[in-house]
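Hydrogens, waters and symmetry mates are skipped; everything else that's a heavy atom, side chains included, is used. In what follows, chains are A, B, ... by sequence order, proteins preceding strands, each numbered from 1.
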There are 2 protein chains.
Amino acid sequence: MLDFAILGILTDGPMHGYELKRVLADSEHGFWTVSFGSLYPALRRLEKQGFVSVGTGGGSRRKVYQLTPEGKAYFQEMLEEPGSTDEERAFTLKLAFFRYLDPDSRIGVLERRRAHLTSRLAESRKSMKDSANRTKRRMDDYTLALINRSMQSTEADIAWLDELIENERAARRPRKPRRARGTTPEPNEI
Amino acid sequence: MLDFAILGILTDGPMHGYELKRVLADSEHGFWTVSFGSLYPALRRLEKQGFVSVGTGGGSRRKVYQLTPEGKAYFQEMLEEPGSTDEERAFTLKLAFFRYLDPDSRIGVLERRRAHLTSRLAESRKSMKDSANRTKRRMDDYTLALINRSMQSTEADIAWLDELIENERAARRPRKPRRARGTTPEPNEI
DNA sequence: TAAAGCATGTAAGAGGTTACATGATTGG
DNA sequence: CCAATCATGTAACCTCTTACATGCTTTA
């Protein structure tokens with residue numbers, strides 16, 4: 001996960017550790033204030049795996065990390081590969097690096113996310129109905145408020161994803177205005 | 001965190017490990033599908049600390065865990081104590097167990113959460129302005145969409161908290177209808 | 001020249017996960 | 001009686017955190 005974020009940031013160009021920490025903490029990557037005890041070992045790991053190469057930054061003490069071709073390939077894999085343990089963070093990061101993903105794959109990522117949220121919503125609804133039926137002990141108001149807010153938020157997320165998906169589709173059929181019903185079809189469509 | 005959830009669930013009555021796992025996975029506690037490799041060591045830990053006591057559940061193989069007075073006290077502490085590493089989950093759990101928190105402390109918890117979200121929102125806005133000013137490299141549309149959606153969701157959360165806070169306040173002044181402006185004040189208000 | 005901030009790192013440990021192992025109990 | 005599910009546990013590992021240690025570089 002952290003590896004993914006590091007590789008993504010290094011795609012824009014070489015950078016040293018301290019700077020990476022700062023960039024990660026920017027809103028662009030979801031305020032991930034990672035600690036040095038996490039960052040430096042991660043960089044070492046990536047170096048050992050051959051995904052980044054280190055160079056000294058012009059005589060100073062800074063170590064500048066640069067993406068290798070293998071690192072680039074690995075990053076591309078992670079961009080497309082569905083899922084991980086921390087779905088939320090993984091999706092946030094993917095979206096932050098969406099410009100590096102080829103347009104054909106973008107819709108797939110968005111739709112997998114949409115499916116995930118939809119099924120979560122369905123589970124929520126089901127579990128609320130179940131709990132309403134077995135009247136033994138109904139939820140208290142706080143729990144109810146929590147679940148309702150969570151469902152409301154998920155619904156908004158889905159609507160937001162739909163927008164993104166629609167935008168993406170619109171970009172894939174550039175300025176081909178929809179033909180009115182009944183007009184002559186293109187020859188190859190007959 | 002897991003300890004907190006376990007103690008909270010056991011407040012309702014004794015339960016054995018396997019059942020705890022199921023209850024945790026319910027929507028009431030935010031779908032926390034915890035693994036056995038995490039749950040059983042946690043129970044052992046709580047037992048060693050004297051927060052739960054084990055008893056065999058009627059000759060069967062099940063181990064039934066029960067809250068001790070120390071466990072109850074510790075749980076109450078965690079309900080009030082502000083913050084932890086994972087703010088989101090901590091707040092969700094606190095709300096799920098809000099009925100066990102004395103009404104006087106509830107508003108405090110809600111307002112701390114509100115303050116936290118408000119400052120997060122302010123940071124977001126600031127970092128967006130900053131990035132708009134240093135025109136060097138403006139954010140791409142995906143990143144922008146992400147941040148906007150996040151801010152929108154946080155705003156909704158704050159509004160939702162305001163509702164909860166208002167409800168809580170209303171409950172603390174029971175059926176004392178608001179006096180119209182200009183009417184005689186209570187003697188002790190002069 | 002001292003303080004503030006830059007820069008890299010290590011050690012210990014918290015708190016989870018997956019995968020594995022084992023055996024009891026229940027239902028078709 | 002066999003499969004599914006109940007029930008408990010261990011071992012190895014992963015990822016990240018906190019706290020500590022060290023020394024360089026800029027600036028007031």
Which nucleotides of nucleotides 4-9 of chain D have their base under 4.0 Å from a protein heavy atom (B), which only their sugar-phosphate (S), and which neither (-), written as one string 5' to 3'? --BBBB
Under a plain distance cut-off of 3.5 Å, with no hydrogens placed, do A/Y142 and B/N167 share a side-chain donor-acceptor pair? no
Just the rounded figure in Å: distance from C1' of C/dT8 to CE of A/M15. 17 Å
Interatomic distance where CG belongs to B/D86 and C1' belongs to C/dG15 [whole Å]: 11 Å
Measure from CG on B/L39 to P on C/dT17 and round the result to the nearest Å. 10 Å
Would you mind reading off the distance between B/K21 atom NZ and C/dT17 atom C1', rounded to a whole angstrom? 11 Å
Would you kindly give the CZ-to-P distance between B/R45 and C/dA14, to the nearest whole Å? 9 Å
If we count only N and O atoms by modelled type, under 3.5 Å, do the side chains of B/T143 and B/D140 hold a donor and an acceptor together? yes
Taking the side chain of A/M1 as its heavy atoms from C-beta onward, which of C/dT17, D/dC16, D/dT10 lies nearest to it? D/dC16
Is a side-chain donor or acceptor of B/Q76 paired with a backbone partner of B/Y100 at a separation under 3.5 angstrom? yes
I'd like to check the ring-ring contact (aromatic ring centres under 6.0 Å, His included) partners of B/H16; sequence neighbours left out, ordered by chain and number. none
Does A/S35 place a side-chain N or O at less than 4.0 Å from the phosphate oxygens OP1/OP2 of D/dT18? no
Can you give me the closest heavy-atom contact between B/L43 and B/L20, atom names plus distance? CD2-CD1, 4.0 Å
Contacts of B/P14 meeting side-chain contact (heavy atoms from CB on, under 4.5 Å) (sequence neighbours excluded), chain-then-number -> B/V64, B/Q66
Nearest-angstrom distance from the residue atom CG of B/L24 to P of C/dT17: 11 Å
